[in-house]
Amino acid sequence: MTERRAILSGSAFEEQIGYARAVVDGDQVHVSGTTGFDYATMTIPDGVVEQAEQCLRNIEAALTEAGCTFADVVRVRYLLPDRADFEPCWPVLRHHFGQVRPAATMLECGLADPRMKIEIEVYARRRAGGSAG
């Protein structure tokens, strides 16, 4: 039987809305759209670059718990209310994904809270022999 396990970050949103930060399903890891909130304090920085950095810290924590790293990411989606905010984030994104080169999409759309300037979701595939967490 294929392993299916939810990973929770402690975000108030997960409890209020009813979802997991990530789901491990066999060798696949699906990380929910992740914003720039620091889930321990439920605070969010004002700047889009700082939010992108926090998104990636949140995603990295979920990937680690799932037995993955950014090197295992095969797909990434960037969601932003203002597409002009995307380019300032490129250096941060390139730092994490430049060697990995996952398939990627950027969408301009509304987000759940007006303080949110970027949301990032990723899909990863655990490598054979990787940790199950």
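Remember, it's a predicted structure, so these values are computed and weren't measured experimentally.
The CD atom of Glu60 lies 13.0 Å from the CD atom of Glu65; values are rounded to the nearest 0.5 Å. Of the inter-residue distances, the one linking Arg4 atom CZ with Gln28 atom CD reads 11.5 Å to the nearest 0.5 angstrom. To the nearest 0.5 Å, the span separating CE on Met106 from CD1 on Ile118 amounts to 9.0 Å. Atoms SG and NE2, on Cys89 and His95 in that order, are 14.0 Å from each other to the nearest 0.5 Å. Between Leu79 atom CG and Glu108 atom CD the span is 11.0 Å, to the nearest 0.5 Å. Remark: Arg127 CZ to Cys68 SG distance equals 8.5 Å, nearest 0.5 Å.
At a threshold of 4.5 Å between side-chain heavy atoms, the hydrophobic network of Ile, Leu, Val, Met, Phe, Trp and Tyr places Leu56 and Tyr123 in two separate groups. At a threshold of 4.5 Å between side-chain heavy atoms, the hydrophobic network of Ile, Leu, Val, Met, Phe, Trp and Tyr places Phe70 and Val24 in one connected group. No continuous path of hydrophobic side-chain contacts links Ile17 to Val23 [ILVMFWY only; heavy atoms under 4.5 Å]. With hydrophobic clusters built from ILVMFWY side chains whose heavy atoms lie under 4.5 angstrom apart, Val122 shares a cluster with Trp90. In the hydrophobic cluster analysis, where Ile, Leu, Val, Met, Phe, Trp and Tyr join through side-chain heavy atoms closer than 4.5 angstrom, Val76 is grouped together with Val48.
Under the 6.0 Å cut-off for aromatic ring centres, Tyr19 and Phe13 do not qualify, their centroids lying 6.0 Å or more apart.
There is a side-chain donor-acceptor pair under 3.5 Å between Arg75 and Thr105.
A donor-acceptor pair under 3.5 Å links the side-chain atoms of Arg21 to the main chain of Gly33, judged by distance alone. Judged by distance alone, with hydrogens and angles left aside, the side-chain atoms of Thr34 form a donor-acceptor pair with the main-chain N or O of Ser32 at under 3.5 Å. A distance-only check finds a donor-acceptor pair linking the side chain of Asn58 to the backbone of Phe37 [under 3.5 Å]. Listed for the Gln51 side chain is a donor-acceptor partner under 3.5 Å among the backbone atoms of Arg115. Lys117 contributes no side-chain N or O that, together with a main-chain N or O of Leu80, makes up a donor-acceptor pair within less than 3.5 Å.
For the pair Tyr39 and Met42, the minimum side-chain heavy-atom distance is below 4.5 Å. Here the side chains of Ile44 and Gln54 are not in contact, with every heavy-atom distance at 4.5 Å or above. Between Asp72 and Arg125, the closest side-chain pair of non-hydrogen atoms is not below 4.5 Å. The side-chain heavy atoms of Val49 and Val92, taken from C-beta on, include a pair separated by under 4.5 Å.
By the 4.0 Å N-to-carboxylate-O rule, Asp27 lies too far from Arg126 to be salt-bridged with it.
Nearest heavy atom pair, residue Leu63 against residue Ala124, reads CD2-CB, 3.9 Å. Taking each heavy atom of Ala62 and Ile7 in turn, the nearest pair found is O-CD1, 3.7 Å. Scanning all heavy atoms of the two residues, the minimum distance from Pro45 to Gly36 falls at CD-O, 3.4 Å.
The aromatic rings of Phe86 and Tyr78 sit tilted relative to each other, their planes meeting at an angle between 30° and 60°.
A 6.0 Å sphere centred on CZ of Arg57 holds more than 12 heavy atoms belonging to other residues, nucleotides or ligands. Residue Asp82 qualifies as enclosed at atom CG: its count of foreign heavy atoms under 6.0 Å is above 12.
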Practice prompt. Test Val31 against Glu121 for side-chain contact (heavy atoms from CB on, under 4.5 Å), laying out the working first.
Written response: CA-CA 6 Å; Val31 180; Glu121 69 176 351; 5.9 Å; no
Worksheet entry | Step-by-step side-chain contact (heavy atoms from CB on, under 4.5 Å) determination, Arg77 to Ile120 | CA-CA 6 Å; Arg77 284 194 185 97; Ile120 303 171; over 6 Å; no
